[in-house]
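Taking it in order: structure first as structure tokens, then the write-up.
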Amino acid sequence: MTDAHLHQTWDLDSIFPGGSASAAFLQHLDALAEDITSFAAMTSKSTGQNPSALAQAILTMQDIAAKIREAGAFVSCLNAQNVKDAAAKRLGGHLNQLRAKFNQTLTQLDARLINLPDEQFNQLLESPQVKPLTFVIRERKRRAIDKMPADKEALAATLSVDGYTAWSDLYDTIIGRMQISFHDGKKTHLLSVGQASNRLKMANRPLRESLFQQWEESFAEQSELFASILNHLAGFRLNLYEARGWNSVLKEPLDINRMSHATLDAMWGVISDNKAPFVDFLKAKAKLLGVERPTWSDVEAPIGTTHKLYTYEEARDFIVHHFHKFSPNLAEFANMCFEKRWIEAEDRPGKRPGGFCTSFPVSAQTRIFVTFSGTPSNVATLAHELGHAYHQQVMRGMPQLLTNYAMNVAETASTFAEMIVSDASVREATNPTEQLSLLEDKVGRSIAMFMNIHARFLFETRFYEARKRGLLDAEDLNRLMQEAQTEAFGGALASYHPHFWASKLHFYITGTPFYNFPYTFGYLFSTGIYARAQEEGPTFADKYVKLLRDTGSMQVEDLAKKHLGVDLTRPDFWQSAVDIATADARKFIELANQGTHEGTQEYRS
Ligand SMILES: [Zn+2]
């Protein structure tokens with residue numbers, strides 16, 4: 001490893017020179033617009049009926065999809081590096097129009113696929129360039145058949161702008177206008193929902209509890225509006241599903257994630273049977289916080305300790321060193337991302353919060369966005385995003401249509417990479433207090449996956465069942481939520497968050513229904529793979545790459561069977577993954593009981 005000073009800003013010019021004023025990018029968009037126009041002609045009724053014309057249309061679709069992704073990646077990088085870049089926002093608007101036109105044309109293509117007689121459909125799949133795409137083409141056709149006839153779907157899509165997505169926009173508007181008043185002991189602040197949400201993780205317990213009271217009350221004040229929005233969103237969705245002949249509200253989210261109901265049941269079943277060690281963890285954590293039973297706001301509170309800070313170079317060295325033990329290729333790739341300035345890490349104002357990783361399929365490159373201030377959690381985030389980048393890297397050269405993996409497997413490589421690094425941090429912690437704090441952070445992720453997200457899933461499933469019978473008022477929703485939370489947290493908490501259904505944006509997302517269980521799936525799937533990697537040692541690295549390459553073209557049950565030899569519809573695999581998380585929880589409890597925790601200091605975050 002070199003000690004050379006690394007650049008902390010990324011290089012976008014090697015993709016499209018000139019930032020949001022890039023002439024090359026405008027050319028890319030113009031060419032894309034022309035491609036979409038000719039694609040529309042290819043899929044029109046008169047020309048698109050025979051297998052060879054359709055094969056051509058499919059390959060064109062694939063090409064356009066790659067170019068749109070390239071453009072989308074560039075625009076999101078521009079917006080993230082400077083949230084005030086007005087030119088970047090205009091480029092985003094332009095791209096959205098192109099995307100909408102492309103999507104309309106895709107419904108024409110789907111209609112062609114459905115109407116193609118079986119014999120000709122099979123002929124289509126036999127053509128050499130389409131053959132590798134068989135899984136996704138069959139999936140497209142099946143999904144189109146499952147829906148209403150194309151003209152009805154088109155009408156539903158038109159009506160959904162005002163009758164469905166508008167409710168979600170209204171939710172955002174109300175959230176954007178809300179102010180939560182908070183007295184910090186000296187003066188009263190009016191906080192936005194985002195600001196308040198960040199401060200709910202502050203170390204000072206009395207202030208945190210008082211803010212949480214205000215938070216609940218603020219959502220209670222608006223609860224009739226939020227209840228109305230949630231009821232109408234759900235009503236639209238249920239009516240659409242009924243018109244399509246779908247009787248389960250889980251059909252769509254399971255299909256998007258290419259998984260079966262049996263797998264979902266097996267996963268939650270194992271989680272439900274393994275609440276006890278996590279209930280004990282929460283109790284042990286509460287003791288450190290100086291209380292008998294934890295409240296809702298204690299769950300994500302820091303236990304308070306100072307910790308080591310890393311320079312950017314040290315972070316690189318730490319990550320590359322630990323990646324290397326698992327896979328030299330992964331380590332080399334990560335190092336290249338730092339050297340070639342594929343990472344935007346600088347800590348400066350004007351950047352978007354959070355982190356992401358985005359793929360440029362045409363340039364065969366990736367960019368990572370984070371804000372690095374040197375905390376262990378920053379190092380873990382870097383590792384996480386590098387995991388995503390590696391996933392994209394091992395898929396380079398594959399047909400674009402085979403690289404679209406769903407949300408539940410999207411987090412496989414990232415969680416895996418993050419685990420390598422957070423495990424190493426815990427092992428190498430210089431004192432027990434630091435080790436305890438790092439472990440708390442690690443087990444905290446399991447609490448989020450097995451308890452918080454489980455509560456969201458239980459609530460949403462029960463809410464949709466109840467909504468079939470009529471409207472629910474805010475009181476009904478509070479009751480359903482508190483029941484779900486009590487069950488999911490194994491009764492561990494002294495108080496819950498009844499208005500969580502109002503405060504959590506994920507219940508109001510229209511693009512992806514049930515924005516919850518795929519997180520837990522991804523986390524446990526990755527944990528199970530991590531366990532396998534540790535058992536097998538270095539030979540696993542190649543198998544891991546093969547598994548990642550198949551994530552965009554298989555049902556998850558087939559993926560797990562082929563690469564891990566396990567049956568996801570049975571509890572065994574899930575149990576082995578949960579056992580790993582349980583071991584961390586037990587280790588935390590043991591350390592906490594040894595009294596290694598000496599006083600608390602203000603946590604830096
Ligand atoms: Zn991620």
Side-chain angles (χ1 to χ4, degrees), residues 10 69 72-73 76-77 79-81 253 256-259 300 315 319 322-323 326-327 330 333-334 337-338 342-345 351-361 365-372 375-396 403-423 425 441-442 444-450 452-453 456 504-506 509 511-512 514-530 533 544-545 547-549 551-552 556 559 577 581:
W10 58 18
R69 184 131 187 227
S76 53
C77 288
N79 278 307
Q81 69 178 5
I256 290 174
N257 288 287
R258 294 169 174 153
M259 63 190 276
E300 289 185 24
I319 289 170
H322 290 289
F323 278 2
F326 165 68
S327 154
L330 172 62
F333 171 76
C337 292
F338 283 97
W342 283 15
I343 307 171
E344 167 60 55
K351 281 174 73 166
R352 196 205 102 146
F356 67 81
C357 169
T358 189
S359 175
F360 291 83
Q365 296 188 35
T366 291
R367 290 295 180 275
I368 286 169
F369 181 88
V370 294
T371 297
F372 184 82
T375 64
S377 140
N378 289 161
V379 181
T381 303
L382 258 178
H384 179 103
E385 302 307 337
L386 284 163
H388 278 304
Y390 187 63
H391 194 171
Q392 292 160 6
Q393 181 72 10
V394 300
M395 288 183 132
R396 293 277 175 240
T403 64
N404 296 323
Y405 37 81
M407 181 180 167
N408 57 344
V409 289
E411 294 302 334
T412 304
S414 53
T415 311
F416 187 93
E418 192 179 338
M419 263 187 263
I420 293 178
V421 163
S422 58
D423 255 6
S425 307
D441 194 56
K442 198 155 177 267
R445 270 168 252 166
S446 299
I447 299 291
M449 298 295 159
F450 306 159
N452 187 316
I453 292 181
R456 300 181 202 182
K504 188 44 84 182
L505 163 80
H506 291 180
I509 291 177
T512 315
F514 277 77
Y515 209 83
N516 41 56
F517 69 81
Y519 278 120
T520 307
F521 178 101
Y523 179 72
L524 279 177
F525 190 56
S526 188
T527 307
I529 295 171
Y530 186 66
Y544 177 64
V545 167
L547 180 150
L548 291 180
R549 284 172 64 87
T551 47
V556 290
L559 186 72

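FYI, the numbering just counts along the sequence from 1. Both ligands and their constituent atoms are indexed starting at 1 by order of listing.
With F416 as reference, F326 is the one residue of F525, F326, F323 to meet the ring-ring contact (aromatic ring centres under 6.0 Å, His included) rule.
In this model, no donor atom of one side chain and acceptor atom of the other lie less than 3.5 Å apart for N378 and T381.
Relative ring orientation between Y515 and Y519 is described as perpendicular, the plane-to-plane angle rising above 60° on a 0-90° scale split at 30° and 60°.
Only protein N, O or S atoms were scored, and 4 of them lie under 2.8 Å from the Zn ion (ligand 1).
Atom CZ of residue R69 and atom OG of residue S359 lie 5.0 Å apart, to the nearest 0.5 angstrom. In this structure, CG in N516 is found 11.0 Å from CE in M449, a value given to the nearest 0.5 Å.
For F333, the ring-ring contact (aromatic ring centres under 6.0 Å, His included) test picks out Y390, with sequence neighbours left out.
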